[in-house]
A.B. asks: 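Dropping the structure in here first, questions after.
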There are 2 protein chains.
Amino acid sequence: MSSTPEFFNVQTVQVALALLAGHAVLQPRAVACRVYDALGRVLVTPPVSPTDLPTFVRSTVDGYAVRAEDTFGASQSLPAYLTCVGRVAMGAAAAVAVRPGQTVEIYTGAMLPAGANAVVMVERTQAVTDTEIEVLAPVAPGENLVQIGEDVRQGDAILPAGHRIRPQDIGGLLSVGILEVEVAAAPRVAIVGSGDELVLPEQNPAPGQIRDINSYTLAALLAQAGAEPVIMGIAADTPEALYQLASAGL
Amino acid sequence: MSSTPEFFNVQTVQVALALLAGHAVLQPRAVACRVYDALGRVLVTPPVSPTDLPTFVRSTVDGYAVRAEDTFGASQSLPAYLTCVGRVAMGAAAAVAVRPGQTVEIYTGAMLPAGANAVVMVERTQAVTDTEIEVLAPVAPGENLVQIGEDVRQGDAILPAGHRIRPQDIGGLLSVGILEVEVAAAPRVAIVGSGDELVLPEQNPAPGQIRDINSYTLAALLAQAGAEPVIMGIAADTPEALYQLASAGL
């Protein structure tokens, strides 16, 4: 087999990628992006929480806010009796304080009232009268609570640079009131089709011609990868035609 | 542990999904979509090719179109000599025919000229003069060719219903001149936030309040899955408020 060298003036994928990397701008340009629209975008600047989360001590269960010490030793056979002096409304500051021997009804996510330091699950209580309950098991101080800043601390960088934003990240950013982030501008990639045999997909190929499909397949792959494809059209098989479309792309 | 039944009026995920499926419209509505814009959409109607692909016999290599029988027995030590009578231009019908003892220069993807039934790779030839070549190895009839309709036959359903369109499918559809497909309309999903403790993400929560983040996380998950989320806002914890937003969503 005789080789004709002009047919082998090609590079390996590794060499081709290295050549490309030498010419590519690898430092992404930062653009502002509303968090609502940030799905799939890549963070340039790590967003920093302006607040603690939660901002108040919250209950993790439905039940009764108590002073833990009032429940020590309580059991099914020897319950602790507490007087219910109110209820914490959802979305409001807890208005009633809990004093020794007292309790306040509370729901999951609601704010712990002053004086209380734990919550008893409703499943471990029993109503005796309209204002009196039995507590059937003890709780430790801090039990069934989320403390201030337990999820996020004010000043924490909550996501790293280079992170691609997922649905749950949108929720996380909004939870601390971050409404805008700095993300990498999508890379714009110009696509030049080349070949005397190519016609546009909407044209009817004459004998010897085929439709240009690589431009559109590449455009879809780029869009899928988060880039912005720019289809430049088809260059004839001359250096001038290729140069013209490549220059226009740049 | 005493149980309070009203707290356990919940369903398993399986039961909840079955309940939902009983109310959901599972037959997707078909909408027309340009193939250029069809990435990620789901086909309702299998697209049928209006044409064979390729539409002409093409070479798969750079080399020389020949009558295979003229190369039988050729070898490095005893080459076959052929007279080159022309070249097939890319994107044009092959103008010159190949007669016994003749050959025509041809490139990958070009149309096989009349009279020829195979192509010899250029690597297996050697130029002797401007018009004469040596063929150093034989080819069988049909070698290094793609026949008419070998990729796709006219009338073939080229993708099944239910298929989610990938980048390469866009190329495949365009290759046979299909410019529009029938895809499932994206399901629209209304999202109702609920809870007296919720405020909008752009609001500053008062003590006991938190920002609604589930609406936006769910919206992003839906968008990622190809659905169209519609955020309805936040309903207070009353049946009337929930009913009103749910009705408005429907």
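Atom set for the values below is all heavy atoms of this structure, side chains included, hydrogens, waters and symmetry mates excluded. Just so we're clear, the structure is a prediction, and the values are computed from it rather than from any experiment. Order of the sequence lines fixes the chain letters, A, B, ..., with proteins taken first and strands second; residue numbering starts at 1 for each chain.
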A.B. asks: Given the options A:R211, A:Q209, A:Q203, which has more heavy-atom pairs under 4.5 Å with chain B than any of the others?
C.D. replies: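 The candidate making the most pairs under 4.5 Å is A:R211.
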
A.B. asks: Please list, in residue-number order, every residue in residues 227-236 of chain A that has a heavy atom less than 4.5 Å from any heavy atom of chain B; write 'none' if there are none.
C.D. replies: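 Heavy-atom contacts from residues 227-236 of chain A to chain B are absent.
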
A.B. asks: If we count only N and O atoms by modelled type, under 3.5 Å, do the side chains of B:E134 and B:Y81 hold a donor and an acceptor together?
C.D. replies: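 Checked: B:E134/B:Y81 side chains pair up, N/O donor to acceptor below 3.5 Å.
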
A.B. asks: Determine yes or no for a side-chain-to-main-chain donor-acceptor pair under 3.5 angstrom, with B:T103 supplying the side chain and B:A65 the backbone.
C.D. replies: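 Confirmed, B:T103 side chain pairs with B:A65 backbone.
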
A.B. asks: With a 4.5 Å limit on heavy-atom distance, are the side chains of A:L145 and A:T60 in contact?
C.D. replies: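 In short, these two side chains do not touch, never coming nearer than 4.5 Å.
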
A.B. asks: Between B:Y36 and A:E202, is any side-chain donor less than 3.5 angstrom from a side-chain acceptor?
C.D. replies: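 A:E202 and B:Y36 do have a side-chain donor-acceptor pair below 3.5 Å.
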
A.B. asks: With the side chain counted from C-beta on, respond yes when A:S194 and A:D237 share a heavy-atom pair under 4.5 Å apart, and no when they do not.
C.D. replies: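 The answer is yes; the side chains approach within 4.5 Å.
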
A.B. asks: Give, for atom CD of A:E180 and atom SG of A:C33, the distance between the pair rounded to the nearest 0.5 Å.
C.D. replies: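 Taking CD in A:E180 and SG in A:C33, the distance rounds to 8.0 Å.
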
A.B. asks: For chain B, find its close neighbours in residues 87-94 of chain A: heavy-atom separation under 4.5 Å, sorted by number, or none.
C.D. replies: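 From residues 87-94 of chain A, the residues near chain B are A:M90, A:G91, A:A92, A:A93.
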
A.B. asks: Below 4.0 angstrom, N of the basic side chain to O of the carboxylate: do B:D156 and B:R153 qualify?
C.D. replies: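 Between B:R153 and B:D156 there is no salt bridge, as every charged N stays at least 4.0 Å from the carboxylate O atoms.
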
A.B. asks: In terms of heavy-atom proximity below 4.5 Å to chain B, should A:V176 be classed as side chain, backbone, both, or neither?
C.D. replies: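 Looking at A:V176, just its backbone touches chain B.
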
A.B. asks: Side chain from CB out, backbone as N, CA, C, O: work out which of these in A:L39 comes under 4.5 Å of a heavy atom of chain B, or both, or neither.
C.D. replies: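 Interface part for A:L39: side chain.
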
A.B. asks: So A:S59 and A:Y107, do their side chains get closer than 4.5 Å, heavy atoms only?
C.D. replies: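 No. Closest side-chain heavy atoms not under 4.5 Å.
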
A.B. asks: Contact part of A:L179 toward chain B, heavy-atom cut-off under 4.5 Å: side chain, backbone, both or neither?
C.D. replies: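 Contact with chain B: side chain only.
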
A.B. asks: Is A:R166 in contact with chain B via its backbone, its side chain, both, or neither, using a 4.5 Å heavy-atom distance?
C.D. replies: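 Interface part for A:R166: neither.
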
A.B. asks: A side-chain contact here means heavy atoms from C-beta on lying under 4.5 Å apart; do B:T55 and A:P207 qualify?
C.D. replies: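 Heavy-atom side-chain distance check fails, nothing below 4.5 Å.
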
A.B. asks: Looking at B:T217, B:D196, B:L174, which one has more heavy-atom pairs under 4.5 Å with chain A than the rest?
C.D. replies: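 Between B:T217, B:D196, B:L174, the count favours B:L174.
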
A.B. asks: Hey, does the side chain of A:N144 reach the backbone of A:V120 with a donor-acceptor pair shorter than 3.5 angstrom?
C.D. replies: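 Checked: no pair found.
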
A.B. asks: Do you know which of A:G195, A:G40, A:A220 has the most heavy-atom pairs under 4.5 Å to chain B?
C.D. replies: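 Maximum pair count with chain B is reached by A:A220.
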
A.B. asks: Under the side chain to side chain contact (heavy atoms under 4.5 Å, CB included) test against B:V181, which residue among B:D169, B:L173, B:L159, B:I170 passes?
C.D. replies: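 Only one of B:D169, B:L173, B:L159, B:I170 forms a side chain to side chain contact (heavy atoms under 4.5 Å, CB included) with B:V181, namely B:L173.
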
A.B. asks: Between B:V122 and B:V61, is any pair of side-chain heavy atoms under 4.5 Å apart?
C.D. replies: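 Side chain of B:V122 against side chain of B:V61, heavy atoms only: no contact under 4.5 Å found.
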
A.B. asks: Is there a donor in the side chain of B:D212 and an acceptor in the side chain of B:S215, or the other way round, less than 3.5 Å apart?
C.D. replies: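 There is such a pair (donor and acceptor under 3.5 Å, judged by atom type) between the side chains of B:D212 and B:S215.
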
